[in-house]
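Encoded as structure tokens, the structure appears first; notes follow it.
In what follows, chains carry the letters A, B, and so on, assigned in the order in which the sequence lines appear, proteins first and then strands, with residues in each chain numbered from 1. Just so we're clear, the structure is a prediction, and the values are computed from it rather than from any experiment.
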Number of protein chains: 2
Amino acid sequence: MIVIDYQNRKPIYEQIVERFQMLIIKGVLEADTQMPSVRSLAAELSINPNTIQKAYSILEQQGFIYPVKGRGAFVSGNQALKEKKTEVFFGKLKELVKEGKEIGISRDLCLQKTAQFYEEVET
Amino acid sequence: MIVIDYQNRKPIYEQIVERFQMLIIKGVLEADTQMPSVRSLAAELSINPNTIQKAYSILEQQGFIYPVKGRGAFVSGNQALKEKKTEVFFGKLKELVKEGKEIGISRDLCLQKTAQFYEEVET
DNA sequence: TATGTGTACTATGTATCATAGTACACTTAG
DNA sequence: CTAAGTGTACTATGATACATAGTACACATA
């Protein structure tokens, strides 16, 4: 479920955060589902438990999961999360489109490619 | 001409590289224009000359500039650069659109926002 | 009671980034 | 020829982020 790319410049904890964000937003992990324990996930990925804990604390801070003392961490059922993620997405898109226009990409080509890429995505 | 954002996570040398890439691609710096010298730019930005050198060596490797011993560095007149940058841009766009679709952004909203952001860009 | 859970520490090693300083070969203005 | 400015190549040092290693505590549950 979680894969670490050691070629990636992003730190491990950040990769884990983003992966779980996606799984939760897409509904693969439903509300109140129990998350893998810090220690078990660390063992599974062969990394340090502290790294998992760091990822979980960020996910908790962002409202994606909630911890229960002595029991574990669970997926939060917050509908506002999707809206937040959407907001972040449009922020990125705006930056990228700005860059595209600056390097001389035409409006029409930009739209055409966007549509094309959208179709190409495999579910 | 060059501004360093110390709040940015990106390292200084990378910010300098990207800034010059943009200036060259947009044509602000024309072919065979002399680049600021390593030492003078370092002094102007109040950073270490080694940092500038690192940025310049990357720009040279990417074909954006060419060095002349004892004289300085100059802007390369390579037309292929724009195409390369365009290729990189579409790679990023594809990744972003994929993410958008995964979190449930509709095709139409994606296109609408892209067009909107394109219009909003100030030149 | 024993095990598994989240959480909070300290300490250590590593890699990247940036700085500091020095040095050399080259070009050019004087 | 000389001096100043150029790119280039080193070594050394410090700061920071990242990841690991190890320990410890309170809690829930079989």
Side-chain angles (χ1 to χ4, degrees), chain A residues 1-21 24 29 31-77, chain B residues 1-21 24 29 31-77:
Chain A
M1 184 173 293
I2 302 292
V3 178
I4 299 175
D5 177 11
Y6 287 100
Q7 311 302 322
N8 197 321
R9 285 209 337 185
K10 285 181 186 171
I12 297 175
Y13 79 92
E14 204 168 306
Q15 293 185 40
I16 294 173
V17 165
E18 293 182 357
R19 184 76 179 118
F20 274 118
Q21 285 178 340
I24 293 172
L29 292 177
D32 301 320
T33 302
Q34 182 160 12
M35 297 281 287
S37 80
V38 168
R39 291 173 180 83
S40 66
L41 184 56
E44 183 187 338
L45 300 180
S46 300
I47 61 177
N48 195 282
N50 291 336
T51 305
I52 305 293
Q53 189 196 336
K54 185 169 186 177
Y56 277 22
S57 68
I58 293 175
L59 286 168
E60 180 198 349
Q61 185 193 341
Q62 295 177 335
F64 282 87
I65 63 178
Y66 61 92
V68 179
K69 283 245 179 179
R71 292 198 51 222
F74 300 85
V75 175
S76 172
Chain B
M1 186 173 295
I2 301 291
V3 179
I4 297 176
D5 176 12
Y6 287 99
Q7 311 302 322
N8 197 323
R9 284 208 339 185
K10 285 182 186 170
I12 296 175
Y13 78 92
E14 205 169 305
Q15 293 185 39
I16 294 173
V17 166
E18 293 182 358
R19 184 74 178 120
F20 274 118
Q21 285 178 340
I24 293 172
L29 294 177
D32 300 319
T33 302
Q34 183 160 11
M35 297 280 288
S37 79
V38 168
R39 292 173 180 80
S40 65
L41 184 56
E44 183 186 337
L45 300 179
S46 300
I47 62 178
N48 194 284
N50 291 336
T51 304
I52 306 292
Q53 189 196 335
K54 184 167 187 176
Y56 276 22
S57 68
I58 293 174
L59 286 168
E60 179 198 352
Q61 184 194 340
Q62 294 177 336
F64 282 87
I65 65 178
Y66 61 92
V68 180
K69 284 245 179 181
R71 292 198 54 221
F74 299 85
V75 175
S76 173

With nearest nucleotide decided by heavy atoms, which residue, Ile47(B) or Gly72(A), maps closer to the 5′ end of DNA chain C?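 With Ile47(B) and Gly72(A) compared, the 5'-side residue is Gly72(A).
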
DNA chain C: 5'-proximal contact among Pro49(B) and Gln34(A) (nearest heavy atom):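 The residue mapped nearer the 5' terminus is Gln34(A).
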
Atom pair distance, as rounded to whole Å: [atom1] in [X] and [atom2] in [N]:
X        : N       : atom1 : atom2 : answer
Lys10(A) : dT16(C) : NZ    : P     : 18 Å
Met35(A) : dG6(C)  : CE    : P     : 10 Å
Lys54(B) : dG7(D)  : NZ    : C1'   : 18 Å
Leu41(A) : dT5(C)  : CG    : C1'   : 14 Å
Ile52(A) : dT7(C)  : CD1   : P     : 13 Å
Ile65(B) : dG7(D)  : CD1   : P     : 9 Å
Ile16(B) : dT19(C) : CD1   : C1'   : 14 Å
Leu45(A) : dT20(D) : CG    : C1'   : 15 Å

So, is Ser37(B) close to the dT6(D) phosphate, meaning a side-chain N or O under 4.0 Å from OP1 or OP2? yes

Measuring to OP1 and OP2 of dT19(C), would you say a side-chain N or O of Thr51(B) lies under 4.0 angstrom away?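 Yes, Thr51(B) has a side-chain N/O under 4.0 Å of OP1/OP2 on dT19(C).
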
Could you measure the distance from the [atom1] atom of [X] to the [atom2] atom of [Y]? Nearest 0.5 Å is fine.
X        : Y        : atom1 : atom2 : result
Ile65(A) : Asp32(A) : CD1   : CG    : 12.5 Å
Thr51(A) : Glu14(A) : OG1   : CD    : 13.0 Å
Glu18(B) : Tyr13(B) : CD    : OH    : 10.0 Å

One character per nucleotide, please: for nucleotides 21-30 of chain C, 5' to 3', B when the base has a protein heavy atom closer than 4.0 Å, S when only the sugar-phosphate does, - otherwise. B-B--BSS--

Options [options], nucleotide nearest the side-chain atoms of [X]:
X        : options                  : result
Pro11(A) : dC17(C), dC18(D), dG7(D) : dC18(D)
Gln53(A) : dT19(C), dG7(D), dT7(C)  : dT7(C)
Ala73(B) : dT5(C), dG7(D), dA9(D)   : dG7(D)
Tyr13(A) : dC18(D), dT6(D), dG6(C)  : dC18(D)

Identify whether the distance between the nearest side-chain nitrogen and carboxylate oxygen of Glu60(B) and Lys54(B) falls below 4.0 Å. no

Would a 4.5 Å heavy-atom cut-off, applied to side chains only, mark Ile16(A) and Ile52(A) as touching?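 Ile16(A) reaches Ile52(A) side chain to side chain.
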
Side chain proximity check, Pro49(B) to Val38(B), heavy atoms < 4.5 angstrom: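 Yes. Closest side-chain heavy atoms under 4.5 Å.
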
Side chain to side chain contact (heavy atoms under 4.5 Å, CB included), paired with Tyr56(B), selected from Pro36(B), Ser37(B), Pro67(B): Pro36(B)

For Glu60(A), answer base if it contacts any base atom (sugar-phosphate contacts may also be present), sugar-phosphate if it contacts only those atoms, and nothing otherwise; contact means non-hydrogen atoms under 4.0 Å. sugar-phosphate

